[in-house]
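What follows is a set of notes on a single structure, which appears directly below.
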Amino acid sequence: MDVAAVIAAAVSLVGCRELWEGADVDLDAELLRFEDVVRAGGVFPRGWFAGGGERFCGVGLPDDVAVLAGLLPVRLSVVGPVEDGLLERAPLVLGEAGWGQSAWMALSWPAVPELDLGPEHARAGVQACFGIDASHEPASGHTVYVHVHPYEGERASTSPERSDTTS
């Protein structure tokens, strides 16, 4: 499954929830090549890049290739409103990253009366991981995780998409 398809599956799961007003989506990625850092700077000019003990906003990335290469690996962090188009641009960066993730944690799962479950606000989220698992340990492929209260695993199975999509 490609990056865009994994993000689409995650977005579909997010659609099963109640998104908090003003909610953001987070994107994090580890960039291993200077070409990927340059591309990410163009895709996310307001993203934050950290490497070699330095931190830069995308528009402030060094122009010197040798300096940029000396910062590798570089970690990219972007936080933006769900409506801002971040997810449409994410595959341009995540497809080449060493690892990455997109996460929506400002969610509320609706009540599921047939399972006697009330709404859940504290432990609710969807996370799409690329080359890592939900705990940021290395993993092969891509996985979409549905975060629910530890005693309410059956809530995830009521979603129209399965939560164990792995490729």
Side-chain angles (χ1 to χ4, degrees), residues 1-32 36-51 54-61 71 73-112 117-137 139 142-150 152 155-156 158-166:
M1 187 177 286
D2 70 9
V3 171
V6 172
I7 290 174
V11 168
S12 176
L13 287 165
V14 170
C16 300
R17 78 333 172 216
E18 297 167 12
L19 195 60
W20 299 356
E21 185 175 331
D24 289 329
V25 61
D26 300 340
L27 178 140
D28 295 293
E30 182 181 61
L31 308 171
L32 304 175
D36 299 331
V37 176
V38 171
R39 179 183 317 104
V43 174
F44 296 113
R46 293 179 218 194
W48 286 100
F49 295 77
E54 302 288 333
R55 187 173 159 108
F56 304 93
C57 184
V59 295
L61 284 168
L71 299 174
V74 170
R75 173 123 183 224
L76 166 65
S77 296
V78 181
V79 178
V82 173
E83 315 78 35
D84 135 0
L86 184 148
L87 296 173
E88 289 78 14
R89 299 187 314 268
L92 299 170
V93 172
L94 292 173
E96 300 298 324
W99 62 261
Q101 74 164 357
S102 290
W104 301 257
M105 296 302 176
L107 305 175
S108 295
W109 295 118
V112 183
L117 296 173
E120 174 63 44
H121 307 290
R123 293 167 206 86
V126 174
Q127 182 180 17
C129 294
F130 308 90
I132 57 170
D133 66 15
S135 300
H136 291 195
E137 294 297 323
H142 313 315
T143 306
V144 175
Y145 296 92
V146 175
H147 298 279
V148 296
H149 189 281
E152 295 181 356
R155 183 185 300 274
T158 64
S159 298
E161 299 279 337
R162 290 201 34 108
S163 61
D164 60 355
T165 304
T166 303

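Here the structure is a predicted model, which means the values were calculated and not measured.
- Counting heavy atoms from C-beta outward, C57 and W48 have side chains that approach closer than 4.5 Å.
- With sequence neighbours excluded, the residues satisfying ring pair (Phe, Tyr, Trp, His ring centres under 6.0 Å) with F130 are H142.
- Nearest heavy atom pair, residue V93 against residue A29, reads CG1-CB, 4.5 Å.
- Among all heavy-atom pairs drawn from I7 and A90, the shortest one is CD1-CB, 3.7 Å.
- Here the closest non-hydrogen pair linking F44 and F49 is O-CE1, 3.9 Å.
- Judged as a salt bridge (Lys or Arg N to Asp or Glu O under 4.0 Å), and not counting sequence neighbours, the contacts of R39 are D36.
- Within the 4.5 Å cutoff, side-chain heavy atoms of V144 are placed close to those of V6.
- Put simply, the residue from V74, L76, L32, L71 that forms a side chain to side chain contact (heavy atoms under 4.5 Å, CB included) with V37 is V74.
- Minimum interatomic distance between L87 and S102 (heavy atoms only, all atoms of both residues): CD2-OG, 4.2 Å.
- For the atom pair NE2 of H136 and CD of Q127, the computed distance is 5.5 Å after rounding to the nearest 0.5 Å.
- When all heavy atoms are compared, the tightest approach of M105 to G125 is SD-CA, 3.7 Å.
- Heavy-atom minimum distance, L31 versus A40: CD1-CB, 3.7 Å.
- Between the CH2 atom of W109 and the CG atom of L13 there is a distance of 6.5 Å, given to the nearest 0.5 Å.
- Interatomic distance, Q101 CD to D133 CG, rounded to the nearest 0.5 Å: 10.5 Å.
- Contact annotation: the side chain of D24 never approaches that of L86 to less than 4.5 Å [non-hydrogen atoms, C-beta and beyond].
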